[in-house]
Structures are given as structure tokens and as C-alpha cells.
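In what follows, chains carry the letters A, B, and so on, assigned in the order in which the sequence lines appear, proteins first and then strands, with residues in each chain numbered from 1.
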4 protein chains.
Amino acid sequence: MKRISFKQAGLKYTLNPYDEPIIRIKPKETIVVDVEDAPSGQIRKEGDVRDRDKIPFGNPVVGPIYIEGAKEGGTISVNIKDIKPTIGQGSTYLSEFNQRYLTDVPILRFLNSSLPRRTKICKIKGETVQFDDLTLPYRPMVGTIGVAPHPQAESISSSVMPGQHGGNMDISDICPGSTVFLPVFNEGGFLYIGDAHAVQGDGEISGTAIEMPAELTIKVDIAKGSINWPRIETNREIMVATSTSAARSFEDAIRTAFLELTMWMEEKCGTDRLDNLMLCSQVGRIRVGNLWTVAAAIEKKYLKK
Amino acid sequence: MKRISFKQAGLKYTLNPYDEPIIRIKPKETIVVDVEDAPSGQIRKEGDVRDRDKIPFGNPVVGPIYIEGAKEGGTISVNIKDIKPTIGQGSTYLSEFNQRYLTDVPILRFLNSSLPRRTKICKIKGETVQFDDLTLPYRPMVGTIGVAPHPQAESISSSVMPGQHGGNMDISDICPGSTVFLPVFNEGGFLYIGDAHAVQGDGEISGTAIEMPAELTIKVDIAKGSINWPRIETNREIMVATSTSAARSFEDAIRTAFLELTMWMEEKCGTDRLDNLMLCSQVGRIRVGNLWTVAAAIEKKYLKK
Amino acid sequence: MKRISFKQAGLKYTLNPYDEPIIRIKPKETIVVDVEDAPSGQIRKEGDVRDRDKIPFGNPVVGPIYIEGAKEGGTISVNIKDIKPTIGQGSTYLSEFNQRYLTDVPILRFLNSSLPRRTKICKIKGETVQFDDLTLPYRPMVGTIGVAPHPQAESISSSVMPGQHGGNMDISDICPGSTVFLPVFNEGGFLYIGDAHAVQGDGEISGTAIEMPAELTIKVDIAKGSINWPRIETNREIMVATSTSAARSFEDAIRTAFLELTMWMEEKCGTDRLDNLMLCSQVGRIRVGNLWTVAAAIEKKYLKK
Amino acid sequence: MKRISFKQAGLKYTLNPYDEPIIRIKPKETIVVDVEDAPSGQIRKEGDVRDRDKIPFGNPVVGPIYIEGAKEGGTISVNIKDIKPTIGQGSTYLSEFNQRYLTDVPILRFLNSSLPRRTKICKIKGETVQFDDLTLPYRPMVGTIGVAPHPQAESISSSVMPGQHGGNMDISDICPGSTVFLPVFNEGGFLYIGDAHAVQGDGEISGTAIEMPAELTIKVDIAKGSINWPRIETNREIMVATSTSAARSFEDAIRTAFLELTMWMEEKCGTDRLDNLMLCSQVGRIRVGNLWTVAAAIEKKYLKK
């Protein structure tokens with residue numbers, strides 16, 4: 001099994017179509033990807049803080065991974081097989097970023113006020129994560145998974161902002177057992193991955209989860225068809241993830257996710273999209289990843305065979 | 001046990017501080033409220049449609065219920081004890097309203113286009129709801145529960161729009177076993193309730209759930225303290241519900257819900273609000289009621305005793 | 001000429017269909033309305049502050065004015081003939097409200113931080129307003145003009161929030177020479193007016209303009225047809241004002257305003273709505289009233305005769 | 001005077017830090033830039049339509065222009081000296097893009113509905129632009145002006161979406177006589193420019209202005225200090241342009257623009273930011289560029305000397 005590591009590949013902060021692939025793999029190949037944590041390793045013990053003078057950017061990823069046969073206009077699938085912590089711990093912290101995340105207006109700067117800094121180191125043992133004196137469940141997930149956007153018309157995405165190319169979606173359903181489907185904008189796919197979390201709440205409201213360096217085992221394949229937005233299949237559900245952006249409000253992202261889901265259901269099961277919409281109104285579920293990402297889901301048991 | 005019914009009280013379409021109370025109850029009293037469904041009874045069989053010429057407004061409620069001892073600035077609690085369908089069925093449908101719900105821009109009117117109308121009658125039997133040939137679980141809930149806003153400064157809310165007074169929140173956790181806490185703006189509380197659903201998905205994306213006439217058994221009480229936004233306590237979680245409004249985006253509603261929740265946790269358990277925020281970032285949950293309502297939740301097992 | 005004053009009518013903080021009319025007038029009648037300022041007269045000299053313990057609500061209005069012949073589903077017009085300051089001064093100030101206006105998230109409360117309070121008394125002389133040592137132009141306008149919403153289905157609007165009924169739109173084009181068209185939801189119209197400004201910038205960004213008690217001379221009439229949103233005709237332009245609300249983002253309010261304007265142009269001049277849209281894209285103008293109100297305008301010289 | 005043309009440089013659809021500079025200039029140098037129109041020259045006569053099969057992307061720009069001495073963290077200024085149409089005409093049209101611009105939800109796709117296509121060729125003669133039988137004023141402007149974002153952490157922006165780097169702001173004040181200030185993220189600045197309009201309304205509501213190929217004369221210089229968002233100085237006003245984005249609502253963009261403007265006024269004139277905020281509330285102006293861009297402005301006559 002091939003293995004790639006941020007130690008060789010370096011820390012990347014964009015999903016970049018101009019970048020040189022760090023590995024070339026075949027469809028159905030399983031590889032291990034060793035990823036650094038979102039604070040780029042700067043927080044390892046109590047009292048450590050994110051130092052932006054030394055490392056200005058956050059949320060490093062590993063890639064691009066070149067998948068043979070992936071073609072522009074097509075789709076790739078990434079099955080998450082395993083997520084293991086590499087140093088037995090993670091961290092969560094408040095930095096300048098969190099202030100912006102909690103109020104996207106420079107009011108605190110205007111008032112010369114700010115959110116305090118705080119760091120917590122959280123030990124991971126077996127199926128648990130220690131948060132101060134509370135024991136949380138270990139529910140590992142991949143925060144950032146996406147492909148490089150089209151070099152000519154789309155942005156080379158920052159690894160922080162999600163979009164139609166995936167990216168920093170922070171959806172807790174991207175966990176062992178799940179498969180993520182991504183549109184392809186570049187020959188070879190140019191897959192990037194990183195930002196593992198030991199556990200994360202909906203909306204990642206403070207701006208950070210339990211961020212951990214981790215070893216990710218993934219199986220990559222070519223999927224059929226063409227898609228507009230990332231799709232996820234878990235053991236129980238299928239879902240479409242969308243993101244807000246300029247002129248797309250959060251409500252519109254929810255609407256878009258459900259409308260895309262109803263069209264996926266029609267395509268997959270032959271059931272009429274309007275009936276699907278009426279069904280989603282009864283048993284559809286919404287997962288909020290972060291304040292930019294939402295997914296609309298339906299359990300597979302409600303899909304016509 | 002006292003009983004009130006829409007048959008005597010009439011169908012009301014506002015939460016109105018000028019209205020005459022239809023019943024006066026004591027703290028800790030349990031009553032049964034018989035409510036009509038959201039389409040005001042217009043949809044009983046296949047082919048029925050919402051006729052706005054006959055009944056221009058939707059989402060009728062029953063009230064006001066006057067609670068002795070409820071004082072402006074205080075808080076009341078409403079424990080949902082039971083929700084029973086009264087005619088063994090519910091309905092879901094697409095009407096003109098749904099078009100506006102799915103795109104809050106008059107683009108369809110501009111194009112002389114529109115969403116088709118469609119109606120489904122859904123039989124309710126024991127723990128199931130029949131939706132075409134699919135069997136859905138019966139998960140009854142109260143869509144609309146709120147108090148009349150202050151007559152002098154707040155709006156007499158339409159029963160359709162939620163706010164700090166509660167109202168049409170469509171949160172599926174408002175179900176048997178849960179307690180809703182509401183701020184009081186008028187002496188006596190002026191509680192209104194209605195809009196029962198046999199089952200509803202997150203976001204109620206088509207605009208209607210399985211709407212059913214129902215018999216609601218509720219126990220009302222006076223609670224301590226003063227609150228900004230509705231709070232809900234279920235068997236597993238505590239949560240704060242907020243709503244969007246002019247100048248409060250959906251993201252801001254999520255932020256507000258979590259910040260309020262962290263302050264509630266501090267008030268209740270003595271744990272620091274910043275630590276609470278960091279904890280919510282790991283295990284907090286978001287429930288989207290409808291496209292105007294969101295709740296931030298945390299499981300009670302994570303609260304310090 | 002009839003005259004009504006807040007001194008007799010009292011300070012009202014809602015546009016209330018349950019209220020008793022304070023005057024009944026005939027179509028085409030001109031009246032004088034004496035209005036108090038937005039801080040309810042609490043700020044008259046340097047050092048005065050808004051005291052919410054004494055007066056909890058803001059933005060008082062005078063009304064309802066009953067217009068004979070105004071029918072539900074119809075339209076009334078209000079021509080602004082004159083706006084005169086009554087005490088030779090106005091005031092602008094930062095209060096708790098401004099904090100919420102500048103950041104609609106309780107982040108400042110969470111941080112126990114807040115915006116400082118500050119008051120400025122501004123003398124009005126002839127065509128000027130004195131703001132510290134700067135001389136600003138006197139450009140008087142009516143901040144709040146609207147009708148009571150339908151008692152059964154719409155809210156009894158707070159005088160602070162705008163909507164399809166008009167209300168606190170803060171559009172500086174509602175000034176001497178302009179005519180405002182409003183939909184009618186109650187027999188008699190139930191017009192309310194108040195919140196005069198000596199001068200106001202787009203967006204009223206601090207939350208207050210130069211607020212002044214004033215004498216407003218208005219001519220009220222019945223207009224033809226039925227409208228969805230307030231319309232304004234100035235000497236140079238026609239415009240449609242819309243407001244944000246739950247699930248209607250600011251971008252959607254802009255889209256709605258322009259689509260409504262193109263349909264008004266079609267109705268008025270027979271020009272095709274798509275051509276009108278393409279024309280507005282070249283010479284349309286946007287006026288932002290406050291952070292809840294936007295108007296789309298076109299100069300009358302571009303309308304087909 | 002040096003001259004660069006899209007004919008040699010090619011049509012670029014991103015502001016790309018990986019791109020090779022097409023020209024190197026010295027501070028204070030004036031150059032002429034020959035730009036293609038936003039539809040990449042596909043629309044020259046009635047009946048032409050945007051063909052996305054041939055040219056998938058829109059809004060081409062010319063660049064990057066390398067400015068000697070421009071350093072990361074610094075600021076450059078671009079003075080617009082002249083804008084001349086090169087073929088005596090422009091065009092405006094409805095394409096698939098417009099549909100998304102008018103309603104950012106796939107509701108039309110869901111309904112298999114769409115906005116019709118329509119094209120208008122508009123002759124430009126002297127100070128006028130012919131739009132069907134209406135004569136509009138020629139008010140030329142630059143729609144897109146910006147620098148390449150930082151290659152490591154920011155996106156390589158699509159030429160369609162604006163941001164802190166400038167880009168497709170569509171602000172009509174970027175016209176002859178105005179100076180635009182832009183932050184520098186790459187050594188040499190990496191300036192891109194394009195998307196000339198013969199005239200454009202606020203919000204560019206149909207999605208296209210009178211798009212024209214043009215010859216732009218600009219003078220580029222190094223400015224002092226460091227800025228967060230693009231600033232513009234016209235003959236009458238100073239203004240700050242901001243853009244919406246994921247999690248930054250339109251209201252927040254307006255708030256941010258004004259808060260930034262008040263801090264600029266403090267920096268420039270020594271006047272206190274809170275007083276500046278209160279002044280902007282009286283005489284500030286808002287310009288809406290497109291549905292992603294807003295600018296907050298104040299006339300220079302109100303600034304302390």
C-alpha cells in the first residue's frame with residue numbers, strides 16, 4: 001500500500017491546479033495519507049498558541065493526488081477506510097481566526113476589543129477524547145477533502161473555503177465507512193486531503209474542532225456521471241453538500257442542497273423530483289458542517305429499490 | 001382536565017395581545033388543546049387544494065391561554081405530554097406558499113412560471129405514517145407554540161413567522177417529553193399553540209410537513225428567570241432556538257443560538273462561557289426547524305452537575 | 001387645514017389595526033401632522049441619553065389616520081408637501097440599539113463589551129444643520145410612513161421594522177415633493193407617520209440620523225390598482241422599496257425591488273419587462289434606506305411616454 | 001507610452017499569481033491597455049449569443065502587470081485617465097449566467113424553466129449610448145480591476161468574483177478621474193484589468209452592462225501604508241469597497257465598508273472613528289456595484305483638512 005506524508009510533500013494551503021502531483025495512483029487503489037493538523041503542528045502542549053508570524057496560513061492539506069483516468073467533467077469517489085491519530089492527542093484553541101468566525105464584521109477591531117486566546121490539549125485514548133475533565137466520544141472525520149478547481153475559470157481555492165470542488169466542508173459524516181463523490185476539473189483529479197478531527201460538533205462554532213495529526217486510509221476510484229456539488233454516501237444516508245458564497249445565502253445553500261438531492265434521487269431511483277421534494281420535507285435531514293457548508297440528507301431506506 | 005378546542009375558540013392567524021383569553025389556567029395545570037391542521041381543514045382527500053379565496057391565511061392556532069401569575073419579563077414553561085391525531089390522517093401539499101418558500105424572489109412570477117400543485121393524504125396508523133407506498137415513522141411534534149408579543153413595541157406576530165416569542169418554529173424536538181420555555185411579554189402569558197405534524201424533516205423543505213388536526217396534552221407552569229430566546233429541554237438535550245429576521249442572517253442566527261446556549265450553560269452549571277463555547281464546538285448539535293428557525297443543542301450528559 | 005399632534009394623539013410604537021383612528025380625512029385632503037422625534041423627546045441637550053427604563057420603545061409615530069374610501073386590496077398615496085423642524089434642532093446619538101445595528105450577533109454581550117454612548121445636539125438654521133464644527137445641508141425626510149398590516153394574518157408591525165406595509169424605511173427620497181404609494185390592508189387605510197430626519201446618509205449606519213421633532217404637511221389620496229410593495233415617485237424618479245426579512249436576504253430584496261420595478265414599468269408604459277430589466281441594468285439606481293430597506297429606482301426620463 | 005493588448009497577452013479568466021507578467025512598469029508610469037469585452041468578443045451583431053461551448057468562461061482580463069517596487073503587504077494605486085470604446089459599440093445580453101444572477105437557487109433548473117436569451121447591440125457616439133430607441137449617457141467605467149491574491153493562502157481569484165484583492169467590483173465610480181488603491185499580495189503587484197462598460201446601473205441587475213472592448217489609459221503608482229479592502233478616490237468622494245462572501249452577508253459587507261471608512265478617515269484626518277461613524281450616518285453614501293460588491297463613501301468636503 002502506497003503512503004504519502006506531509007513530511008515529504010510539505011504543507012500546502014491551497015488546492016492548486018498548477019501544483020505538481022505528489023503521487024499517481026490507479027482507480028480502486030488504496031493509499032495511506034499522513035496529514036498534519038490544522039494549526040500546522042504549532043500547538044502541542046498547554047500554552048502553545050497559533051503564531052501567524054511564523055506560519056501565516058492555516059488548514060494545511062496533502063496533495064495533489066493524481067488519479068489515472070480522471071477526466072474533466074467526470075467524477076471521482078473517495079472511500080474513507082480509516083482515520084488514526086498519530087500522536088495520541090489533538091488540540092482545540094481560540095485564535096484571531098475565531099473572532100472573525102464568530103462575527104464577520106470588524107466591530108471588535110473598531111472597538112479595540114478581542115476574543116481571549118485559549119488552548120486545550122485533548123488526549124485521545126481508544127474510543128474517547130479527553131476535554132478538560134469531560135470524556136467525549138472519539139468520532140474521527142476528515143474536515144477537508146476536495147479537488148483543485150479549474151485553472152482557467154475557477155479560483156485555486158484556499159484550503160479554508162469550501163465550494164463546488166469540496167474543500168473545507170467539516171461535515172462529520174465524512175468518516176470511516178463513508179464515500180465522498182467530487183467533480184473533476186483537471187485531468188487526474190488533483191485530490192487534496194487534510195484537517196482531521198477527533199470529534200466535531202455541528203457548525204464547529206468556536207472555529208476549531210479537536211484538531212489532530214492523523215493517518216488517513218482512503219480508497220480512490222472513478223465514478224460515473226457528472227455532478228454539480230459534492231455528494232456523500234454513508235452507511236445510512238445519501239447527502240449533497242453545498243456551500244454559501246457571494247450572493248448565495250445560507251437559506252439558498254439549504255434550498256440548493258435539497259433540490260440537488262431530489263434530482264439525484266430521481267436520477268438514481270426514477271422517482272419524480274417533486275415527490276422526492278415532498279418526501280424530503282418529512283424525513284430529510286440537514287447537517288451543518290461549518291458556517292459555510294450545509295448538507296441535505298435522506299436515509300437510504302426511504303429510496304426506492 | 002380542562003379542554004379547549006378550535007371549534008369553540010375559532011381559527012386564529014395571529015398571536016395577538018389584544019385578543020380575549022379563551023381559558024385561564026393555574027400554574028402546573030394540564031390541559032388538552034384540540035387544534036385544526038395548518039391548511040385549516042381544507043385538505044381532507046386526494047385532489048383537495050388550499051383555496052386562499054375562501055381562507056386567505058394559513059397556520060391557525062388556538063389561544064390565547066391565560067396563565068395565572070405569568071408576568072411581563074418572566075418565563076413560562078410548556079411541557080408536551082401527548083400528541084394524538086384526531087382523524088387518523090394528515091396531508092402534505094404544494095401550494096402558492098411553497099413557491100415563495102423555495103425561492104424568496106419573484107422570479108417565477110416574473111417568468112409567468114410556477115411550481116405545480118400536488119396533494120398527498122397520509123394515513124396514520126399506530127407508530128407509522130403512510131406516504132404513497134412508503135411507511136414513515138410517526139414522530140409527532142408541535143410546529144407552532146408561542147406567546148403574544150408586547151402590544152406596544154413588538155409586532156403581534158403572524159402565526160407563520162417565528163421570533164423571540166417562539167411561534168412557528170417547526171422544531172421536531174418539540175415533541176412528547178419535551179419542555180419549551182418562552183419569555184412573557186403580557187400579563188398572563190397569552191400562549192398560543194397549533195400546527196401539529198405527524199412527522200417532519202429538517203427545514204420542512206417543501207413548505208409543509210404531514211399536517212394533521214390533533215389533540216395536544218400540555219402542562220403549563222411558571223419558570224424562573226428571564227430569557228431572550230425560546231429554550232427547549234428534551235429528554236437528552238438542552239437547546240436554544242433563534243430565528244432569522246431583517247438583518248439577522250442564518251449564520252448570525254446560528255451564532256446567536258450558540259452564544260445564548262453557552263451563557264445558559266454558564267448560568268445553569270457555573271461553567272465558563274468560553275469553555276462552553278469550545279465544548280459546543282466538539283459536541284454541539286444544530287437543528288434546522290424551517291428556513292427561519294435554528295436551534296443550538298448540547299446533550300445533558302456533557303453538562304457539569 | 002386639519003392638524004393632528006402627538007401631544008393629543010400620544011406616542012405610538014406600533015402600526016396597529018386595533019387602534020382607534022385619531023382623525024378621519026377625505027381623499028385629496030391636506031393635513032399637518034406634528035410628530036415627536038425618534039428618541040421620544042428624551043434628548044434635548046448635550047449629555048442627555050436614551051433612557052429605556054423610562055421609555056422602553058423607540059421611533060414613535062402618529063396615527064392611525066383614517067382615509068375615507070380606502071379599501072382593503074387598494075392603494076393610497078401620500079404626497080409630502082413640507083417638513084419643518086419644530087424646535088430648531090435635532091440630535092444624533094449612540095445607544096444600546098446602535099450596538100445591535102452594527103453587529104447583529106450578541107458577541108459584544110458575550111464579551112461584556114459595548115459601544116460607548118455619545119450624543120450630539122445639532123442646530124438647524126435655514127438650509128443647514130450644524131454637526132460639531134461641520135455644516136451639513138438640511139435635507140429633510142420622513143423616516144417612517146406606513147399603514148397598519150392586516151389584523152388577521154400579518155403582524156401589527158412594530159414602528160421600527162419595515163415591510164410590505166411600509167413603515168421605518170428611512171429612504172431619503174421620502175422628502176418634500178415626493179409621493180409614497182402604500183397598499184391598504186384595512187378599511188380606511190390606517191396610516192401612521194413619524195421619525196423625521198433633518199438629514200440622513202444611506203444606510204443610517206450608526207443607527208440614528210439627525211432626529212428632529214417636526215411639522216409634516218401631507219396630502220393623502222386614493223390611488224388606482226393594487227401593489228405588493230411601497231412605491232415612491234420623486235420629481236426625478238420612480239422607485240420600489242422592499243425590505244429584508246426572515247429568509248429574504250439583502251440581495252433578494254434588491255432582486256425583488258428591481259423585478260417589481262420592471263413589472264411596474266410594463267404596467268405603466270407598456271414596455272416589456274425583460275427589456276425593462278435590461279434597461280435598469282444600465283441606468284437603474286439603488287438607494288439603501290437602512291440595513292433592512294432598499295429601493296430600486298429609474299429616472300422618469302427613461303420611461304416611454 | 002507603453003501599450004499592451006489582449007491580442008498579444010491573450011484572454012485570461014483568473015487573477016493568477018502563477019502567471020508570467022506580460023509587462024513590467026515603473027511607479028508613476030502611464031500605459032494603455034487594450035481590453036476585450038466581457039463576452040470575449042462573441043457578441044458583435046443582433047442575434048449573436050454567448051456560446052459557452054466555444055468559450056466556457058467569461059469576463060476576460062489583461063495582465064498580470066508587474067509594478068517595480070510593489071511589495072507584499074504594501075499598496076498600489078491605479079489612476080484611470082481615459083476609457084475609449086474601440087469599435088464604437090457595446091452589447092448587453094441575457095445568457096445562462098443571468099438566470100443564476102437573478103435567483104441564486106436552482107429552482108429554474110428544477111422546474112425545467114429558464115430566462116429567455118436576448119441581445120442588444122448599442123452604438124456609442126460621442127457622449128451617448130443608443131439602447132433601442134433610448135439615448136443613454138456615455139459614462140464609461142472599468143468593471144474589473146484587481147491584483148492576484150497570495151498564492152499560498154488565498155484563492156487565485158476567478159475574474160468574476162470580487163474580494164479583498166479587488167476584481168470584478170463593477171463600481172461605476174471607477175471611471176476617468178478616479179484612483180483605485182489595492183493591497184499587494186505578490187511582489188510586483190500582479191495587476192489585472194478588463195471588463196469596460198459604456199454605462200452601468202447600480203447592481204448591474206440583469207447581469208450585464210453595456211459591455212465594450214475598450215482602450216484604457218491608466219497611471220500606476222506605489223502608495224503608502226497597508227489596506228484591508230480596495231479604496232477609491234474620485235473627484236468628489238473617498239470610498240471603501242467590500243464584497244460579500246461565504247458567511248459575510250450583504251448587510252455585513254455594508255457594515256464593514258463603513259467601519260473601514262471611519263478608520264480610514266481617522267488615519268487620514270485625525271478625526272475620531274466614532275465621530276466619523278456618526279457623521280457617515282448623516283452624509284455617507286452607499287454604491288452597490290453588483291450583487292457581491294458594495295462601497296461606502298463620503299464627500300471630501302466633509303473631511304477635516
Next item on the list: Examine whether an atom of B:D133 lies under 4.5 Å from a heavy atom of chain A, and if so say whether it belongs to the side chain, the backbone or both; otherwise answer neither.
Entry: side chain
Next item on the list: Mind ranking B:D272, B:V294, B:N98 by heavy-atom pairs under 4.5 Å with chain A and telling me who comes out on top?
Entry: B:D272
Notebook entry, point to check: What part of B:I298 lies closer than 4.5 angstrom to a heavy atom of chain A: side chain, backbone, both or neither?
Noted result: neither
Item checked: Identified side chain to side chain contact (heavy atoms under 4.5 Å, CB included) partner of B:Q89 from the options B:I210, B:I121, B:V129 -> B:I121
Next item on the list: Just say parallel, tilted or perpendicular for the rings of B:F250 and A:F250, cut-offs at 30° and 60°.
Entry: parallel
Checklist line | Engaged part of B:F258 at the chain A interface, taking heavy atoms whose separation is under 4.5 Å | finding: side chain
Checklist line | Region of B:D104 that comes under 4.5 Å of a non-hydrogen atom in chain A | finding: both
Check: Is there a donor-acceptor contact under 3.5 Å from the side chain of A:S40 to the main chain of A:Q42?
Finding: no
Notebook entry, point to check: Who wins among B:Q200, B:E204, B:M278, B:E251 for the most heavy-atom pairs under 4.5 Å with chain A?
Noted result: B:M278
Next item on the list: Sort out for me which of A:I254, A:T262, A:L279, A:L136 touches chain B most, counting heavy-atom pairs under 4.5 Å.
Entry: A:L279
Next item on the list: State whether the side chain of A:N59 and the backbone N or O of A:S159 hold a donor-acceptor pair below 3.5 Å, judged by distance alone.
Entry: yes
Notebook entry, point to check: What part of A:T244 lies closer than 4.5 angstrom to a heavy atom of chain B: side chain, backbone, both or neither?
Noted result: side chain
Next item on the list: Give the intermediate values and the outcome of side chain to side chain donor-acceptor pair (under 3.5 Å) for residues B:T271 and B:N276.
Entry: CA-CA 7 Å; B:T271 48; B:N276 296 340; 2.9 Å; yes
Check: Taking the side chain from B:Q130 and the backbone from B:L134, do they hold a donor-acceptor pair closer than 3.5 Å?
Finding: yes
Item checked: Nearest-0.5 Å distance, OG1 of residue B:T92 to CD1 of residue B:I43 -> 8.5 Å
Check: Which answer fits B:R139, side chain, backbone, both or neither, if we ask what part of it has an atom under 4.5 Å from a heavy atom of chain A?
Finding: side chain
Checklist line | chain A contact via B:T135 - side chain, backbone, both or neither, heavy atoms under 4.5 Å | finding: backbone
